[in-house]
Amino acid sequence: MRFLLRRAGFYLLTAWAAITLNFFIPRMLPGDPVQSLLNRYQGQLTSEATRSLYVLFGLDEQTSLWQQYLEYWGNIFTGDFGLSFTFFPTPVSEIVAQSLPWTLGLVGVSTVISFALGTLAGVIAGWRRGSWADTLLPVTNFFSAIPYFWIGLIAIAVFAEAWQLFPASGGWDTALVPSFSGEFIGSLITHSVLPGLTIVISSVAGWILSMRNMMVTVSSEDFVTVAHAKGLKERTVMFGYAARNAVLPNVSGFALSLGFIVSGTLLTEMVFSYPGIGYILFKAVDAKDYPLMQGVFLIITMSVLVANMLADLIYAFLDPRTRREG
């Protein structure tokens, strides 16, 4: 219980610091975001409308910074992140809600597949070192060393242009109306194959390498030798003793990866024009859309904190020494 309370206190403090920085950093940046928006509507907005925009975006100079800060906290708890400059007058929460499922579906599934394949391959490569399994590492390292946009462009050239097996861009066939029909779901899957495949190819090497190295280290530990001496089956020793202890660093890395899933894979969504939150963040930074940037950064920060907290809990469950040290 003491361990859980300490970790909960740490994450609450970190969340407060992250939200506070998220409030102050955009206000410290040079330039006037409202003026940038006005430039797009030059000659079409009255002074009263301009004043309303400052109030709407929480930048009213007649309101003290402390009051803005308190209002910002109140808005967070009500899910009100303000209005987007880029997609004005659409609320930020609506834009994030529309983009988030695409990123969670594509990057989430790809990350889970990459972690599962890489960890399993790492267990086998570490346990049977010197066998054919060791050839997995240089092959996957070769693909991971290639810049991601090259893998994406090659995939488009081969599988979308030359063989025309999968679509080259987009999230679904624009001729279809979004629904839960089999035709639309099939379109979603075919449009996600190439971006998902490139994510798996470029990231699986890291999981294999870390898991293999840990398996090599753990295999020489005394408890593994004792397990062999007891006459246990090799598969039981490999997965029940060696892999269970070796997987701890990978679990932490996986939990962190889950947190960064929300931020999307920016290059993936740019190369394949995928309508995820990473592409939205790119457009927000390009247009200095501070409300949208704040909303996206807040979602990313909270997801990373939750992922870290889950990693701590899983780590403490798998390794009792963590609870005692905590």
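Scanning all heavy atoms of the two residues, the minimum distance from Val224 to Ser219 falls at CG1-O, 3.7 Å. Summarising the geometry of Ser114 relative to Ser203, their closest heavy-atom pair is OG-OG, 2.9 Å, with the distance given to 0.1 Å. Between Ser187 and Asp173, the shortest heavy-atom distance links the atoms OG-N, 2.8 Å. When all heavy atoms of Ile277 and Thr103 are compared, the closest pair comes out as N-OG1, 2.7 Å. Of all heavy-atom pairs spanning Arg129 and Val216, the tightest one is CD-CG2, 3.9 Å. In this structure, Met214 and Ala246 approach most closely via the heavy-atom pair CB-O, 3.5 Å.
With contacts defined as side-chain heavy-atom distances shorter than 4.5 Å, the pair Val296/Val96 qualifies. Side-chain contact between Ile189 and Ile185: present, with at least one pair of heavy atoms (C-beta onward) separated by less than 4.5 Å. Residues Leu197 and Phe166 have side chains not in contact (no heavy-atom distance under 4.5 Å, counting atoms from C-beta outward). Two residues are said to be in side-chain contact when any heavy atoms from C-beta on lie closer than 4.5 Å; Leu12 and Trp16 fail this criterion. A 4.5 Å side-chain heavy-atom check between Val112 and Phe115 finds every atom pair outside the cut-off. In this structure the side chain of Leu281 reaches within 4.5 angstrom of the side chain of Phe297, judged on heavy atoms. Residues Gln294 and Tyr72 form a side-chain contact, since some pair of their non-hydrogen atoms from C-beta on lies under 4.5 Å apart.
The number of heavy-atom neighbours closer than 6.0 Å to CH2 of Trp73, taken from other residues, nucleotides and ligands shown, is above 12. For Phe143, the CZ atom is loosely surrounded, since the number of other residues' heavy atoms within 6.0 Å does not exceed 12. Around atom CD of Glu183, no more than 12 heavy atoms belonging to other residues, nucleotides or ligands sit under 6.0 Å away.
Not one N or O on the side chain of Thr119 forms a donor-acceptor pair closer than 3.5 Å with the backbone of Ala116. Checked by atom type and distance alone, the side chain of Ser99 pairs as donor or acceptor with a backbone atom of Ile95 at under 3.5 Å. Checking side-chain atoms of Asn75 against main-chain N and O of Glu71 turns up a donor-acceptor pair under 3.5 Å.
Judged by distance alone, the side chains of Tyr69 and Thr20 do bring a donor and an acceptor atom under 3.5 Å apart.
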Please report, to 0.1 Å, the donor-acceptor pairs under 3.5 Å made by any side chain of residues 152-162, with sequence neighbours excluded.
none

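Here the CD1-CZ distance, from Ile199 to Phe272, works out to 8.5 Å after rounding to the nearest 0.5 Å. Once rounded to the nearest 0.5 Å, the distance linking CD1 of Ile299 with CG of Asn22 reads 10.0 Å. The distance from atom CD1 of Ile19 to atom OG1 of Thr14, rounded to the nearest 0.5 Å, is 11.0 Å. Met215 CE to Asn245 CG: the interatomic distance, rounded to the nearest 0.5 Å, is 10.0 Å. Considering CE of Met211 and CD1 of Ile208, their distance stands at 11.5 Å, rounded to 0.5 Å. Rounding to the nearest 0.5 Å places CG of Leu117 at 11.0 Å from CD1 of Ile201.
Ring planes of Trp172 and Trp102: parallel class, angle under 30° (limits at 30 and 60°).
For the ring pair (Phe, Tyr, Trp, His ring centres under 6.0 Å) condition, the pairs that include at least one residue of residues 209-243, sequence neighbours left out, are Trp127-His228.
Hydrophobic cluster membership is shared by Leu165 and Val271, with clusters built from Ile, Leu, Val, Met, Phe, Trp and Tyr side chains linked at under 4.5 angstrom.
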